[in-house]
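Numbers here are sequence positions counted from 1. Heavy-atom basis, side chains included; hydrogens, waters and symmetry copies ignored. These figures come from a predicted structure and were not determined experimentally. Both ligands and their constituent atoms are indexed starting at 1 by order of listing.
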Amino acid sequence: MAQQVTFGTPILDTEAIVKQVQQADELQHWQVEESENRLIFSCTLSPEDIVYGLGEQVRGINKRGGRYVSFNTDNPHHTDDMPSLYGSHNFVIVAGKRCFGTFFDTPSKVIFEIDWQNSGKILVTCPRDVTVTELEQSTPYAVAKEFLSLIGQNFVPPLWAFGFGQSRWGYKTQRDIDKVVEGYANADIPLDWICMDIDYMDRYIDFTVNKRRFPHLGTYAEKLKKQGIRLVPIIDAGVKVEAGDPTYDEGVQKGYFCTNHEGGFFKAAVWPGMTHFPDFFRPEVREWFGNCYKKLTDLGIEGFWNDMNEPAIFYSEYTSMLNSLTSAPSAECEKETNAYKDYRNFYHLVNGKRVLHEDVHNLFGALMTRSASEQLNKILPTRFLLFSRASYIGAHRYGGIWTGDNGSAWDHLRRNVVQMPSLNMCGFLYSGADTGGFGGNCSRELLLRWLAFSAFTPLMRNHTAILTRRQECYRYSGKEDFQSIVSLRYKLLPYIYSEFITASLNGDMYIKPLSFEFTDERSLRTEDQLLVGRCVMIAPVIEKGAKGRTVWLPEDMTEVRYDGQGFFCRQVPAGEHYVDVKLNEAVFYIRKGKCIPVGKGARNTSELDLRDVQLIGEGNCYEQYVDDGFTKELSLDNVVKLVK
Ligand code: GLC
């Protein structure tokens, strides 16, 4: 049961919710107070209550004890104290004796204090214009599913996007990409796609290709596709101020960019130097910008990643001028980056009205994704890959997300584990982190353990920053170990793909916390084991130097060990167990009475036969979703029943 209350007059419909819900006069679970032009919603927590949600946010699956700020931020320091990352996902579920969820729908800053400093309360500080949706069900899982049914079906990419992707900021030329293809082929490690980071462009100008580095991108993309490898270029939010560049010229001529106080175009420096930001809040601008992707799809490109769309701002003349004038910043300003100040310096046109960016900030990246997705859907006859850095609830209908500039550190692997179920509750099923870590140098051990976890996340991409240690799997000694872990992903693809699409079609989660299915005290508190699809539980090794780990089995399960040669299964009774997990192995569990399809594996998905599977696990039958991997028509009619 859902009900909704709108406070104030929202500036715009965020379109996060697609299904109408019942209107009500008052909220069931929250007290509301007004203070300094803000609304503060509060609710009292019982000691046993678990608070789920908030998507990409830091800390654990249980959000108690934290302060979180929904305000999309480009920030590579992903510590548990960091209040904001790249996405704003204002949905929480309180589960204890009573069970309810609440979505605070507003495009501006929202602060969540959840049992912060042992207050025993949740306090949510919102702008005065906010729509609050409450959902009431008997379990947190049921609340999450009801929320997913309200916000609409998530984006589903093609099968190849579930294959392994390799990326590095620093691949500059065709030769660099060739070396990656060769490196993986020689090491016999499967690979489906390679990202092109900003250096493929001409001076970081969107929708250009550097002709010296990629003389014939179309022919090259075609050649790679024949080998089963796809290229996935990056697109940044800022359009370089560059007279003569068609995107810039057309944007200026049609007045498609965000404006400053004086009514001119707002200018801010990002990778290309000074840029203008497309005003994605206007439908005609979305259509125009989205159509620009055609310059690359005409060359055979079928996937993109949208970046810097919080939007990230390195510098603006206006803010530096303000900084030089302001000798004593206010306490609030002191904590703010320059980008925060810039957000008060530019405007959008929303339904013909001029709106300050700060007031709609959290929707900017989501609308960039929407712009690309809606047009790519018209341009391309098949499904495509699209994932974004910034997001807001609702953007999951248009593309996936990655969790931004993490680091090569064990704690970042742990964070990836706890982010995944929280993102799923908020609709972002197609998601994943930079495997191995973006900043810093990744050790062999960390990369192997991280790959063994990412083998289960829909987006599985190894990505790292320029000047860090080379992080491609074949650069490390003992390539067979990497081959073993990555090839496991390909053997599991019949299951992963089937579970992902059925979850999408059923308004379900693909990755869940244990506590969504098991209510024993231990499962309720377990944050380092997850349920993947309907049949699998994983218990990744996330500790440096560990030779294995303790695993909690809430029921009897089949333990599956894969070491590159084959699957070794054994029945394990419910309870606590210590399991050895070698670096070249992955161990996972199939739930009681269930079985899963595993395939023969392949060098890439173009060689993969989703139908050529065997069933492993205790159960006798599995309902598998199968299609050609590209078709836009997704239907449960594509489910076939497999029997042992
Ligand atoms: C940003 C992105 C990162 C990318 C880099 C260069 O930091 O988050 O993934 O490699 O920009 O484009």
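Taking the side chain as every heavy atom from C-beta outward, Ile234 and Tyr200 approach each other to under 4.5 Å.
Relative ring orientation between Phe155 and Phe384 is described as tilted, the plane-to-plane angle lying within the 30° to 60° band. Relative orientation of the His78 and His412 rings is parallel, given thresholds of 30° and 60° on the angle between their planes.
Looking at Asp307 and Arg389, a side-chain N of the basic residue comes within less than 4.0 Å of a carboxylate O on the acidic one, giving a salt bridge.
Applying the ring pair (Phe, Tyr, Trp, His ring centres under 6.0 Å) rule to Tyr392 yields no partners; only residues at least two apart in sequence or on another chain are considered.
Between Phe71 and His361, the ring centre distance stays below 6.0 Å.
A heavy-atom cutoff of 4.0 Å around ligand 1 is satisfied by the protein residues Trp169, Asp197, Ile198, Ile234, Trp271, Trp305, Asp307, Met308, Arg389, Trp402, Asp405, Phe438, His463.
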